[in-house]
Protein chains: 2
Amino acid sequence: MSPPLRLTRAAAKARTRELLLASAAQVFAEQGYAGGSVDEIAARAGYTIGALYSHFSGKDELFLTLFDDRVAGHLRAIEEIVEHCGVDDDAAFAAFGDYLTTVADSRSGWSGLESEFLRYALTRAELLAKVTERRESARDAIARLISRRAPSWADAQITATAIIALFEGLLMQRRVNPASVPPVVFAGALRRLLAQATS
Amino acid sequence: MSPPLRLTRAAAKARTRELLLASAAQVFAEQGYAGGSVDEIAARAGYTIGALYSHFSGKDELFLTLFDDRVAGHLRAIEEIVEHCGVDDDAAFAAFGDYLTTVADSRSGWSGLESEFLRYALTRAELLAKVTERRESARDAIARLISRRAPSWADAQITATAIIALFEGLLMQRRVNPASVPPVVFAGALRRLLAQATS
DNA sequence: GTATTGACATAGCGGTCACTATGTGAATTA
DNA sequence: TAATTCACATAGTGACCGCTATGTCAATAC
């Protein structure tokens with residue numbers, strides 16, 4: 001079970017990379033993107049910035065890698081819901097609500113990070129394109145999930161956007177004061193957003 | 001109509017303060033809280049940092065002053081809605097939706113700023129208390145507006161929190177891609193959030 | 001065993017930023 | 001008019017940060 005005392009070069013490198021990423025996730029969660037320094041990220045992983053820069057081109061790429069992992073996780077989770085629930089919308093929505101609740105419980109440190117990075121990217125066209133692409137893929141996965149109940153694809157996309165917006169905002173508020181946003185709220189708000197508009 | 005060529009000392013000071021605040025609002029909107037520098041704020045107002053620091057104790061106070069003005073504006077607007085619509089909930093909600101739409105149109109530069117500052121304040125207890133106080137006063141104003149339709153005051157507060165969360169998130173998304181969040185969405189999402197939960 | 005590679009460390013560069021100590025001159029007061 | 005005040009300017013200061021140039025030594029290749 002314990003790691004081999006001697007790792008091959010490749011294995012050691014992969015391990016270092018993972019340690020750096022885990023450290024970055026921690027530091028960004030605690031101090032934000034602008035607030036977290038690459039020195040601290042490296043130090044907490046047990047390395048120096050030299051190591052960090054031999055694995056990542058810079059702070060941006062470090063964050064984008066974490067962002068990618070996260071989006072990929074969401075996509076996988078949603079895909080599983082779709083496969084598992086088939087055409088049973090109610091079950092799918094319930095499972096999605098549960099998923100959001102779980103994420104809210106376990107990843108609240110990420111709250112606000114995406115929007116901070118998004119704002120930071122606003123004035124950097126290349127970066128903005130990358131962030132936008134990832135956000136849109138997440139949005140469209142949700143839109144697919146709810147498209148059967150929406151009048152149109154465009155409407156499903158807008159509702160998905162609203163779901164993401166709501167989720168991010170609630171997550172932030174939950175971080176400030178957990179008591180004011182019990183986890184069940186996520187599922188409840190989702191149900192209301194998905195209710196058919198009556199006019 | 002034109003300002004007097006000679007201002008009294010007090011009038012000149014007040015004018016300087018307003019110019020600095022307007023400049024700060026612009027710079028923060030463009031570059032965020034961390035990203036905007038006090039030097040640039042002073043320069044854009046036509047002054048130097050010496051002037052800025054003779055009016056405000058620092059960057060935090062500058063932002064908090066703007067934040068106060070903003071919250072005060074919201075409270076005033078909501079109060080007007082309450083007074084104007086009386087017990088007619090539908091009219092009040094429609095007016096509130098209109099208000100949100102107007103704000104979305106005119107103040108999208110503010111998007112993300114509050115949550116950035118909130119996160120920044122998370123590790124500064126004194127600052128966090130001030131920000132939280134202002135946010136709660138805004139939340140409670142909205143909660144009062146919708147309390148008649150909510151099963152309890154606590155529920156009204158949670159719904160108000162969700163409304164704020166949704167609004168901030170949509171505003172951010174609208175800034176990234178205005179086409180993806182037409183203004184009418186704000187009123188629509190509000191209506192759905194206010195719909196009675198059916199189970 | 002010798003040569004080569006490359007993962008990571010060390011030290012520092014250039015830049016920015018919030019904030020301060022101090023100066024100055026015009027408005028105010030007496 | 002002479003003295004005083006104070007709004008604002010000038011010129012730093014120290015700290016931090018992202019990033020890079022370069023060194024080192026152990027793992028690998030031959």
Side-chain angles (χ1 to χ4, degrees), chain A residues 3-24 27-28 30-66 116-117 119-121 123-124 126-127, chain B residues 3-24 27-28 30-66 113 116-117 120-121 123-124 126-127:
Chain A
L5 289 177
R6 289 255 156 139
L7 296 172
T8 71
R9 224 152 139 132
K13 185 173 180 182
R15 195 180 109 95
T16 300
R17 189 188 149 93
E18 290 313 308
L19 287 172
L20 285 169
L21 281 173
S23 174
V27 171
F28 286 147
E30 282 173 22
Q31 328 212 38
Y33 181 73
S37 78
V38 291
D39 291 74
E40 183 169 353
I41 289 170
R44 262 203 231 182
Y47 298 92
T48 64
I49 44 173
L52 194 150
Y53 276 90
S54 91
H55 282 269
F56 302 94
S57 71
K59 201 182 182 185
D60 289 355
E61 191 190 306
L62 193 52
F63 185 87
L64 279 176
T65 304
L66 288 172
E116 182 191 349
F117 195 73
R119 176 186 267 285
Y120 164 73
T123 53
R124 286 149 236 253
E126 224 175 296
L127 203 55
Chain B
L5 288 178
R6 289 256 155 136
L7 295 172
T8 71
R9 225 152 139 135
K13 186 175 180 183
R15 194 180 109 96
T16 299
R17 189 186 149 93
E18 291 311 308
L19 287 173
L20 285 170
L21 281 173
S23 173
V27 171
F28 286 147
E30 281 172 23
Q31 328 211 38
Y33 182 72
S37 79
V38 291
D39 290 74
E40 183 169 353
I41 289 170
R44 262 204 231 182
Y47 298 93
T48 65
I49 42 172
L52 194 151
Y53 276 90
S54 90
H55 282 268
F56 302 95
S57 71
K59 203 182 181 186
D60 289 355
E61 191 189 306
L62 193 51
F63 184 86
L64 278 176
T65 304
L66 288 172
L113 258 183
E116 182 192 349
F117 195 74
Y120 164 75
T123 52
R124 284 149 238 253
E126 225 175 297
L127 203 55

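Only a predicted model underlies this, so the values are computations on that prediction, with no experimental measurement involved. The basis for the numbers below is simple: all heavy atoms, side chains too, and nothing from hydrogens, waters or symmetry mates. Within every chain, numbering begins at 1; the chains are lettered A, B, ... in the order of the sequence lines, protein sequences first and strands thereafter.
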Counting just side-chain N and O atoms, does B/Thr16 come under 4.0 Å of either OP1 or OP2 of D/dC8?
-> yes
A/His55 NE2 - C/dA7 P separation (whole Å) | 7 Å
Would you call B/Phe117 and B/Leu64 a side-chain contact if the rule is heavy atoms closer than 4.5 Å?
-> yes
Determine whether A/Thr48 and A/Tyr53 make a side-chain contact, defined as any pair of heavy atoms from C-beta on separated by less than 4.5 Å.
-> no
Interatomic distance where OH belongs to A/Tyr47 and P belongs to D/dC25 [whole Å] = 19 Å
Is the side chain of A/Thr65 donor-acceptor paired with the backbone N or O of A/Glu61 at a distance under 3.5 Å, no angle test?
-> yes
Please report the closest heavy-atom contact between B/Tyr33 and B/Leu113, naming both atoms and the distance.
-> N-CD2, 3.6 Å
Whole angstrom value for the distance that separates C1' of D/dG18 from CZ of A/Phe28 | 12 Å
Just how far, in rounded Å, is P of D/dC8 from CG of B/Leu20?
-> 8 Å
Could you tell me the separation between the CZ atom of A/Arg9 and the P atom of C/dG6, rounded to a whole number of Å?
-> 7 Å
Would a 4.5 Å heavy-atom cut-off, applied to side chains only, mark B/Lys59 and B/Phe28 as touching?
-> yes
Output a table of nitrogen or oxygen pairs between the protein and nucleotides 17-21 of chain C separated by less than 3.5 Å.
unit_1, atom_1, unit_2, atom_2, d
C/dA18, OP1, B/Gly36, O, 3.1
C/dA18, OP1, B/Lys59, NZ, 2.6
C/dA18, OP2, B/Val38, N, 3.0
C/dC19, OP2, B/Tyr53, OH, 2.7
C/dC19, OP2, B/Lys59, N, 3.0
C/dC19, O5', B/Tyr53, OH, 3.3

Mind calculating the distance between CG (A/Leu52) and P (D/dT20) to the nearest angstrom?
-> 12 Å
Choose from C/dT28, C/dA9, C/dC8 the nucleotide whose nearest atom is closest to any side-chain atom of A/Lys13.
-> C/dC8
With a 4.0 Å cut-off, would you call A/Glu30 and A/Arg44 a salt bridge?
-> yes
